[in-house]
Amino acid sequence: MEPGWIEIDLQAITHNLKEIKRIIGKEIKTMPVVKADAYGHGLVPVSQTLVQAGADFLAVSYVEEGIKLRSAGLNVPIVVLLGVLKSEIEAIFSYKLTPVVYRLEVAQALSKAAQRYKEILPVFVKIDTGMGRLGVFYKEAANFLKALSLLPGLKIEGVTSHLALAETDKEFTQIQIQRFKTVLKSAQTLGLELKFNHIANSAASLEYKDSYFQAVRPGLSVYGIYPLPSLKKEVALQPVMSFKTRVIYLKWLPARAGVSYGHTFITPRPTKVAVIPIGYDQGLFRQLSNKGEVLIKGKRAPIIGTICMHLTMIDVTSIDGIDIGEEVVILGRQGEEEITADEIAQKAGTISYDVLCRFGRSNPRVYLRDT
Ligand SMILES: *Cc1c(COP(=O)(O)O)cnc(C)c1O
């Protein structure tokens, strides 16, 4: 039995990147973020689609993800956002990856290796302008850049930073952008020619023109999710992922019958129950028990009772004409109705990123190339 499957609409990926490009303009390069298996959508097919649609760079978290992309034949620059450990330096050169650096020790080791290979290694310098995560604290950026500029074999392509509050706080976002600009000035004073500087994630790419610099790093928006609901007026994004399954059993229960573990749902009236063969093992958040909805025959139907490991019950009393094998949409569209990643995230007490990654990694994927 195939429990459930994820449909990935690759045309929507192309559409979304074009839409982002329309907003940022021709001069700005794009570096779509394809970490976490392209947010659960599939690293290689999504990356191939993005490159065909004109992505200038790709960004991943780990060296291993970069190796997978190179092995699949992709040859755009691949930026490793988390940086590298000394033990990974050989792979950086073998697979021509572009690391982000923020530790002098690693930069020195990269420089030595570059000299050994007689190569010039492009790197990005990661600055912490207020995320408090990876990167050289912005006040120490000038010293770090100076030390780095003295290392032979390295070419600083640009500086990069990450916004902590792009979705929620204009004022602090502006402070981060200002700090970033100050870092760029000190780089200029050092005589560094930085070609591609970038700080913007999806929210900033669509909202703050002064966050563009020479490149942007959109993730969520590439997958068709709005970082801010207010952007719906200006940008037309298309969701890429759907999550579907089929009804495997139908039956009527009388009034006052308990449903599933713990009897957290008691039928208030005679109830027609549809059973689907997926549960929290397929990523269906257990928090959606008695809370979530699915689409059957283009209508919303509530999840009743506790979600089990591989089974979930749906109240379909008011929906006629359902057969065994009827398609059920957990995420996505059916007819006029739609269940979005944001709706699921809200009900499950998490964020859309988590919904996409979890559904994507827990289920087999089907790629739709034409519509
Ligand atoms: C994940 C990530 C992004 C993309 O962020 P979105 O909010 O998905 O657009 C950009 N930059 C860095 C450093 C990231 O880790």
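First listed ligand is number 1; within each ligand, the first listed atom is number 1.
Among all non-hydrogen protein atoms, the one lying nearest atom 11 (N) of ligand 1 is Arg217 NE, 2.8 Å. The single protein non-hydrogen atom nearest to atom 13 (C) of ligand 1 is His162 ND1, 3.6 Å, given as residue, atom name and distance. The closest protein non-hydrogen atom to atom 14 (C) of ligand 1 is Lys35 NZ, 2.9 Å. Scanning the protein for heavy atoms near atom 7 (O) of ligand 1, the closest one is Tyr353 OH, 2.7 Å.
For ligand 1, the polar-atom distance check finds no N/O of Lys126 at less than 3.5 Å from any of the ligand's N/O atoms. At a 3.5 angstrom cut-off on N or O pairs, Ser221 does not count as close to ligand 1. An N or O contact shorter than 3.5 Å links Gly219 to ligand 1 by distance.
With a 4.5 Å cut-off on side-chain heavy atoms, Trp5 and Arg246 count as touching. The closest side-chain heavy-atom distance from Asn16 to Ser221 is not below 4.5 Å. No side-chain heavy atom of Gln282 sits less than 4.5 Å from a side-chain heavy atom of Thr245. At a threshold of 4.5 Å between non-hydrogen side-chain atoms, the residues Ile339 and Val329 do not count as touching. Looking at heavy atoms from C-beta onward, Lys29 lies out of side-chain contact with His198 at the 4.5 angstrom threshold.
Residue contacts with ligand 1: Arg133 is included, with a non-hydrogen atom under 4.0 Å away.
Between Phe359 and Phe285, the ring planes are tilted. Angles from 30° to 60° get that label.
For Arg300, the CZ atom sits in a packed shell: over 12 heavy atoms of surrounding residues, nucleotides or ligands are nearer than 6.0 Å.
The atoms of ligand 1 that sit less than 4.0 Å from any heavy atom of Ser202 are 6 (P), 9 (O). In the vicinity of Tyr39, heavy-atom distances shorter than 4.0 Å reach the ligand 1 atoms 1 (C), 4 (C), 5 (O), 6 (P), 8 (O). For ligand 1, the atoms closer than 4.0 angstrom to any heavy atom of Leu220 are 6 (P), 8 (O), 9 (O).
A salt bridge does not link Lys68 to Glu65: none of the charged side-chain nitrogens sits closer than 4.0 Å to a carboxylate oxygen.
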